[in-house]
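Data block below; observations after.
Letters A, B, ... are given to chains in the order of the sequence lines, protein chains preceding strands, and every chain is numbered from 1. Quick caveat: nothing in here was measured; it's all calculated off a predicted structure.
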2 protein chains.
Amino acid sequence: MSTVGKAVSLLELFTLHEPEIGLSDLARRAGLDKATARRLLMALAAHRLIEQEPKSRRYRLGAGLSRLARIRDAHFPLVRLAAPVLRELSLETGETVHLSEFSAGALLTLHVELSAKANRVNVDVGQVLPLHGTASGIAFLAASRLEAVSAYLEKPRQAFTAFTMTRQDDLVKAIALAASRGYSRSAQGYEEGVHSIGAAILGADGQPIGALAVASPVSRVDDAVAASQGEAAVRAATMISARLTGEA
Amino acid sequence: MSTVGKAVSLLELFTLHEPEIGLSDLARRAGLDKATARRLLMALAAHRLIEQEPKSRRYRLGAGLSRLARIRDAHFPLVRLAAPVLRELSLETGETVHLSEFSAGALLTLHVELSAKANRVNVDVGQVLPLHGTASGIAFLAASRLEAVSAYLEKPRQAFTAFTMTRQDDLVKAIALAASRGYSRSAQGYEEGVHSIGAAILGADGQPIGALAVASPVSRVDDAVAASQGEAAVRAATMISARLTGEA
DNA sequence: AACACCGGTTCAAATAATGAACCGAATTGG
DNA sequence: CCAATTCGGTTCATTATTTGAACCGGTGTT
């Protein structure tokens with residue numbers, strides 16, 4: 001791997017649940033020598049992509065990332081453009097709606113509009129969703145190029161609940177169904193008791209860049225409700241895609 | 001410079017005003033060979049820190065940055081904790097208030113609370129403020145370690161208006177005054193017609209991490225108003241510092 | 001038609017990255 | 001309480017990666 005790739009791998013070791021990591025730990029997990037890891041961290045720190053807590057000497061992500069992310073968000077305003085549409089979809093369906101963007105083999109939750117109901121699904125911004133096992137992921141795959149789907153299906157998949165689809169032929173069927181009707185449906189594939197309807201959001205080149213999903217308690221959804229949520233989700237996703245590519 | 005440093009330099013070429021850049025341009029501005037720039041861009045793109053517009057083949061910042069920035073923001077919630085305090089300060093003073101974080105030798109504007117008045121100062125999120133010539137910067141320097149200030153004062157400074165302080169002894173005086181009373185004052189040092197009061201925000205180790213500022217049209221500020229804005233700004237900055245370090 | 005510049009590629013030469021061993025200081029645990 | 005780990009950090013000969021001049025083919029411009 002390139003030196004740059006190794007440096008970025010170090011950045012990717014930090015998560016919501018583990019935002020500060022020590023040198024030896026970082027080196028071990030990245031599969032790098034301690035000296036190498038430190039040199040890379042210093043290079044990143046010089047540009048404020050990494051900071052070091054002076055007391056504990058542990059490392060954390062730096063302010064430069066916030067700066068770069070803001071520049072990107074201003075130019076590629078997925079969240080800004082999608083937020084009102086998501087809000088409307090949430091009001092229309094009465095359920096929690098969340099938006100995610102594809103990044104590094106998974107979907108990253110960027111925005112959430114919570115249902116007003118007491119019994120609702122809660123989703124965290126920043127949560128990383130696997131492509132299999134979530135409605136958003138299946139919708140994303142269904143809109144992806146065939147070669148990308150094939151490549152993804154070759155790798156092993158983790159089961160999150162007893163309902164998670166991990167077998168390749170099951171996934172192929174689910175993806176085909178989602179592709180044919182425009183939205184995906186997933187019951188308890190990622191978390192027990194959660195039913196989701198997903199729809200892909202497309203970029204200017206027609207390739208999917210992310211997805212949105214309507215998430216409900218399973219008890220509240222039957223086939224009719226799912227169908228109406230699906231149509232609403234597709235409308236919303238289409239609207240967001242259009243706004244992104246500069247249309248109306 | 002390290003390979004990693006060069007790669008990050010490429011990222012830093014993108015700005016709010018120029019969010020997409022072509023290969024030759026990037027190489028030229030970074031002082032790199034075209035082939036080198038491309039290899040670095042590919043390494044960054046593999047981790048989604050860079051994306052390439054398929055049509056124009058120009059490069060832009062990638063979604064991975066948004067992801068990393070969100071992880072950092074969740075753990076180091078300067079904006080989240082500061083926002084309500086800034087809002088209150090804006091209401092109290094009736095003026096525009098903005099928050100900035102130190103990054104790579106300058107202050108990066110992270111959040112703005114606009115005045116409700118028709119004649120107000122407008123500030124953009126993402127704007128980069130120089131340490132000299134802005135009230136925020138002087139306040140930041142006044143709270144910094146002496147060696148950091150000295151190092152900064154050695155480098156040449158740009159004048160933005162006819163009022164920008166660029167002479168070293170003027171700056172030393174302004175910094176000393178700000179240090180003694182807790183807030184800084186700057187009139188038209190960065191933009192004509194704008195008067196600002198700045199106060200530094202400190203991290204857990206007592207070192208400054210950023211600053212806030214109250215920005216008003218010069219016509220609305222006399223010494224008495226400046227003094228009351230200064231006291232309010234110091235109170236707000238202290239409150240934010242305390243929240244950041246875990247206190248009430 | 002000639003020119004200039006674009007994004008992208010190649011490969012021998014040059015340079016930067018690497019990691020085992022080592023240091024002193026905290027922690028840990030028997 | 002002392003010995004054994006483990007920590008963050010450093011060194012320097014070895015090694016592997018990065019580098020860039022030259023070269024594509026393509027796309028406007030003149």
Side-chain angles (χ1 to χ4, degrees), chain A residues 1-15 17-62 75-76 145 147 203-207, chain B residues 1-15 17-62 75-76 145 147 203-207:
Chain A
M1 193 192 296
S2 70
T3 310
V4 173
K6 288 172 201 158
V8 179
S9 305
L10 284 173
L11 293 178
E12 291 177 339
L13 292 174
F14 298 91
T15 65
H17 304 102
E18 198 172 12
E20 291 195 354
I21 311 182
L23 173 61
S24 296
D25 236 17
L26 281 168
R28 222 174 296 120
R29 296 192 212 178
L32 299 173
D33 187 88
K34 218 173 22 155
T36 302
R38 178 148 207 284
R39 221 167 14 79
L40 297 177
L41 288 167
M42 288 324 210
L44 292 169
H47 293 264
R48 310 238 156 214
L49 266 46
I50 281 282
E51 293 168 356
Q52 188 172 21
E53 173 71 28
K55 272 190 76 169
S56 69
R57 291 186 160 183
R58 280 145 55 100
Y59 297 86
R60 69 162 105 98
L61 297 175
H75 175 237
F76 198 71
R145 289 195 316 273
E147 61 197 77
D205 56 350
Q207 288 305 304
Chain B
M1 191 193 295
S2 69
T3 310
V4 174
K6 288 173 202 159
V8 180
S9 305
L10 284 173
L11 293 178
E12 290 176 339
L13 292 174
F14 297 91
T15 66
H17 305 102
E18 197 173 14
E20 291 196 352
I21 312 182
L23 173 60
S24 296
D25 237 17
L26 281 167
R28 222 174 296 123
R29 296 192 211 180
L32 300 172
D33 188 88
K34 217 170 26 156
T36 302
R38 177 148 209 282
R39 217 168 18 78
L40 297 176
L41 288 167
M42 288 324 221
L44 292 168
H47 292 264
R48 310 234 155 219
L49 266 46
I50 280 282
E51 294 170 354
Q52 188 172 21
E53 172 72 27
K55 271 190 79 170
S56 69
R57 290 184 161 185
R58 280 144 56 99
Y59 297 86
R60 68 161 105 101
L61 297 174
H75 175 238
F76 198 73
R145 289 194 316 272
E147 61 196 77
D205 56 351
Q207 288 307 303

Check B:Val4 against A:Leu44 and note the closest heavy-atom contact, atom names and distance.
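Shortest heavy-atom contact: CG1-CD2, 3.8 Å.
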Do you know the tightest heavy-atom contact between A:His47 and B:Glu12?
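It is ND1-OE1, 3.2 Å.
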Between [X] ([atom1]) and [N] ([atom2]), how many Å, whole number?
{"X": "A:Asp25", "N": "D:dT6", "atom1": "CG", "atom2": "P", "result": "12 Å"}
{"X": "A:Glu20", "N": "D:dC7", "atom1": "CD", "atom2": "P", "result": "16 Å"}
{"X": "A:Leu26", "N": "D:dG9", "atom1": "CG", "atom2": "C1'", "result": "14 Å"}
{"X": "B:Leu10", "N": "C:dG7", "atom1": "CG", "atom2": "P", "result": "13 Å"}
{"X": "A:Arg58", "N": "D:dG9", "atom1": "CZ", "atom2": "C1'", "result": "17 Å"}
{"X": "A:Ile21", "N": "D:dC7", "atom1": "CD1", "atom2": "C1'", "result": "15 Å"}

Quick check for you: among D:dG8, C:dG7, D:dT10, whose closest atom lies nearest to any side-chain atom of B:Gln52?
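When the side chain of B:Gln52 is considered, C:dG7 is the closest of D:dG8, C:dG7, D:dT10.
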With respect to the side chain of A:Ser24, which nucleotide from D:dC7, D:dG9, C:dG7 is positioned closest?
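For A:Ser24, the side-chain atoms sit closest to D:dC7.
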Let me confirm one number: the NE2-CZ distance from A:His75 to B:Phe14, rounded to the nearest 0.5 Å.
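One gets 10.0 Å once the value is rounded to the nearest 0.5 Å.
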First locate atom CD1 of B:Ile50, then atom CG of B:Leu11, and finally report the distance between them rounded to the nearest 0.5 Å.
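Between atom CD1 of B:Ile50 and atom CG of B:Leu11 there are 5.0 Å.
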Taking only residues two or more places apart in sequence or in another chain, which ones pass side-chain hydrogen bond (donor to acceptor under 3.5 Å, both in side chains) with A:Glu53?
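By the side-chain hydrogen bond (donor to acceptor under 3.5 Å, both in side chains) rule, A:Glu53 matches A:Arg60.
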Looking at side-chain heavy atoms only, is the closest gap between B:Ser9 and B:Met1 below 4.5 Å?
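Of all side-chain heavy-atom pairs linking B:Met1 with B:Ser9, at least one is under 4.5 Å.
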Give a yes/no on whether any side-chain N or O of [X] is located under 4.0 angstrom from OP1 or OP2 of [N].
{"X": "A:Arg57", "N": "D:dG8", "answer": "no"}
{"X": "A:Tyr59", "N": "D:dC7", "answer": "no"}
{"X": "A:Arg38", "N": "D:dG8", "answer": "no"}

Only pairs under 3.5 Å count here: list side-chain donor-acceptor contacts from residues 29-38 of chain A, not counting sequence neighbours, and write none if there are none.
unit_1, atom_1, unit_2, atom_2, d
A:Arg29, NH1, A:Glu18, OE1, 2.9
A:Arg29, NH1, A:Glu18, OE2, 3.3
A:Arg29, NH2, A:Glu18, OE2, 2.7
A:Arg29, NH2, A:Asp25, OD2, 2.7
A:Asp33, OD2, A:Ala35, N, 2.8

For a quick check, with a 4.0 angstrom heavy-atom cut-off, what is the B/S/- contact string for nucleotides 15-30 of chain D, read 5' to 3'?
--SSBBB---------
